[in-house]
Amino acid sequence: MNERPRKTRTQVFTRKLDAFFLDIYSIGQFTGRFFREAFRPPFEWKEVIRQFYMVGYKSLALVSVTSFVTGIVFTKQSRPSLAEFGATSWLPSLVAIAIIRALAPLVTALIAAGKVGSNIGAELGSMRVTEQIDAMEVSAVNPFRYLVVTRVLATTCMLPLLMLYMAVIALLGAYLNVHNNEQTSLAAFFQNAFEQISFLDIFSSSFKSLLFGFTIGIIGCYKGYYTTQGTQGVGKAANSAVVISMFLIFIEEIIVVQVVNSFR
């Protein structure tokens with residue numbers, strides 16, 4: 001049941017194209033199994049909480065620094081363009097729209113893909129090549145539920161929280177830059193910033209983060225769970241987990257933006 005679907009010997013297109021479609025089919029089966037196992041007791045609550053800590057708390061330092069710098073840099077880059085039209089008063093609204101609608105969910109997802117996705121792929125890959133997963137099966141423990149379900153739930157639930165945290169820190173960085181140049185108060189900055197922000201913006205960003213987190217968790221677990229070729233395969237699993245996750249994140253970003261814009 002835990003074996004990866006075998007590759008067919010009959011070549012339909014080219015070898016690489018056949019392998020690509022087979023991987024898509026395998027990921028679909030892997031995702032379907034996650035939904036079957038996620039809602040079936042017993043639940044691994046202790047491991048879920050531990051993964052929440054690993055995904056959320058362990059990422060706070062990197063997210064904090066990145067978001068603060070992002071807010072400052074974006075504000076600095078936007079000010080000269082608005083100053084040419086005498087519209088620097090629109091700077092808080094512009095920064096808030098850019099951060100909440102696009103930068104916060106996308107940058108958070110890319111950070112998580114690089115840090116969390118690679119870690120999941122390497123961790124599960126190491127357990128696979130050292131036969132720890134096989135040992136769990138022998139000891140009557142469901143390795144898929146313990147290893148995969150808990151990590152996917154953690155990335156799915158924690159990424160929206162990290163996104164909201166990043167948005168706040170980025171806006172604080174933007175405020176410091178605005179205050180340094182225009183002496184704007186904190187209350188006035190946030191009042192101007194959220195004038196153009198609607199519930200749809202916050203909902204769409206939260207939904208995107210939820211989708212990005214699920215993608216990172218599924219891809220990282222899939223690549224690690226089916227690692228082959230020993231220690232060399234562990235490195236490939238970590239690398240491919242990051243690359244594929246980032247590629248899918250950009251595709252999902254385009255699709256969600258198109259759907260959300262149809263409701264504006």
Side-chain angles (χ1 to χ4, degrees), residues 20-21 23-24 27-28 30-31 34-35 55-56 59-60 62-75 77-78 81 93-121 151-171 173-174 193-194 196-223 238-264:
F20 172 75
F21 286 114
D23 275 339
I24 292 178
I27 293 174
F30 192 81
T31 305
F34 163 78
F35 284 109
V55 174
S59 301
L60 283 181
L62 182 58
V63 171
S64 299
V65 174
T66 305
S67 58
F68 189 76
V69 173
T70 299
I72 293 177
V73 171
F74 185 81
T75 307
Q77 294 291 336
S78 302
S81 299
S93 297
L94 174 66
V95 172
I97 290 173
I99 290 175
I100 294 177
R101 288 186 183 180
L103 291 178
L106 189 59
V107 174
T108 305
L110 295 179
I111 293 173
K115 184 180 185 301
V116 179
S118 61
N119 181 66
I120 292 175
R151 284 163 174 78
V152 176
L153 286 177
T155 56
T156 304
C157 296
M158 293 307 299
L159 215 66
L161 298 179
L162 288 175
M163 182 275 297
L164 294 174
Y165 173 78
M166 179 175 185
V168 172
I169 300 300
L171 288 175
F194 284 95
Q196 304 299 323
I197 300 299
S198 64
F199 174 78
L200 180 62
D201 297 325
I202 299 176
F203 173 79
S204 63
S205 295
S206 301
F207 176 76
K208 283 193 293 185
S209 298
L210 202 73
L211 187 61
F212 295 160
F214 180 78
T215 301
I216 293 168
I218 282 290
I219 298 300
C221 289
Y222 172 78
K223 287 297 180 180
N239 181 66
S240 59
V242 175
V243 173
I244 296 175
S245 296
M246 288 184 175
F247 177 73
L248 293 177
I249 284 170
F250 283 115
I251 292 179
E252 292 167 353
E253 170 76 15
I254 294 173
I255 295 174
V256 174
V257 167
Q258 292 296 325
V259 173
V260 172
N261 286 341
S262 65
F263 290 97
R264 294 191 189 280

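For clarity, every value in this text was computed on a predicted model and none was experimentally measured. For this chain, numbers begin at 1 and follow the sequence in order. Just so you know, these numbers use all the heavy atoms, side chains as well, and skip hydrogens, waters and symmetry mates.
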Considering non-hydrogen atoms only, spot the tightest contact between P105 and F212 and give its length.
-> O-CD1, 3.7 Å
For D201, enumerate each residue passing the side chain to side chain donor-acceptor pair (under 3.5 Å) test, keeping only those at least two apart in sequence or located in another chain.
-> R101, S198, R264
Where do L110 and F250 land on the side chain to side chain contact (heavy atoms under 4.5 Å, CB included) test, with the steps shown first?
-> CA-CA 9 Å; L110 295 179; F250 283 115; 4.1 Å; yes
Measure the CG-OG distance between L94 and S81 for me, rounded to the nearest 0.5 Å.
-> 9.0 Å
Considering all heavy atoms of both residues, which atom of F30 and which atom of I218 are nearest to each other, and what is their separation?
-> CE2-O, 3.9 Å
Hey, mind stepping through I219 and I27 against side chain to side chain contact (heavy atoms under 4.5 Å, CB included) and telling me if it holds?
-> CA-CA 8 Å; I219 298 300; I27 293 174; 4.0 Å; yes
What's the shortest heavy-atom distance between G56 and L162, and which atoms?
-> O-CD2, 3.8 Å
What pair of heavy atoms forms the shortest contact from R151 to C221, and how long is it?
-> CB-SG, 3.8 Å
Looking at side-chain heavy atoms only, is the closest gap between P160 and F207 below 4.5 Å?
-> no
What is the distance from atom CG of L106 to atom OG of S209, rounded to the nearest 0.5 Å?
-> 9.5 Å
Could you state the interatomic distance from OG1 (T66) to CG (L103), rounded to the nearest 0.5 Å?
-> 12.0 Å
Hey, is the main chain of V259 close enough, under 3.5 Å, to the side chain of S262 for a donor-acceptor pair?
-> yes
To the nearest 0.5 Å, tell me how far I100 CD1 sits from M166 CE.
-> 12.0 Å
For Q196, enumerate each residue passing the side chain to side chain donor-acceptor pair (under 3.5 Å) test, keeping only those at least two apart in sequence or located in another chain.
-> none
Partners of F214 by ring-ring contact (aromatic ring centres under 6.0 Å, His included), sequence neighbours excluded?
-> F34, F35
Hits for side chain to side chain donor-acceptor pair (under 3.5 Å) against S67, two or more places apart or cross-chain, chain-then-number order -> none
Are a donor atom and an acceptor atom from the side chains of Y222 and T31 found within less than 3.5 Å of each other?
-> no
Checking S118 side chain against K115 main chain: does a donor-acceptor pair fall under 3.5 Å?
-> yes
Among all residues two or more places apart in sequence or in another chain, which pass the side chain to side chain donor-acceptor pair (under 3.5 Å) test with S93?
-> none
So, for L171 and F194, which heavy atoms are closest and what is the spacing to 0.1 Å?
-> CD1-CZ, 3.9 Å
Roughly how far apart are I120 CD1 and T155 OG1, rounded to 0.5 Å?
-> 5.5 Å
Stepwise side chain to side chain contact (heavy atoms under 4.5 Å, CB included) test for L159 and T108 = CA-CA 7 Å; L159 215 66; T108 305; 4.1 Å; yes
Atom pairs and distances, donor-acceptor, side-chain atoms in residues 239-246, under 3.5 Å, two or more places apart:
from : atom 1 : to   : atom 2 : distance (Å)
S240 : OG     : K236 : O      : 2.8
S240 : OG     : A237 : O      : 3.2
S245 : OG     : A241 : O      : 2.6

With the threshold set at 4.0 Å, does a side-chain nitrogen-carboxylate oxygen contact exist between E252 and K208?
-> no
From CG (L211) to CD (E253), nearest 0.5 Å = 10.0 Å
Closest heavy-atom pair and its distance - S59, V116 | OG-CG2, 3.9 Å
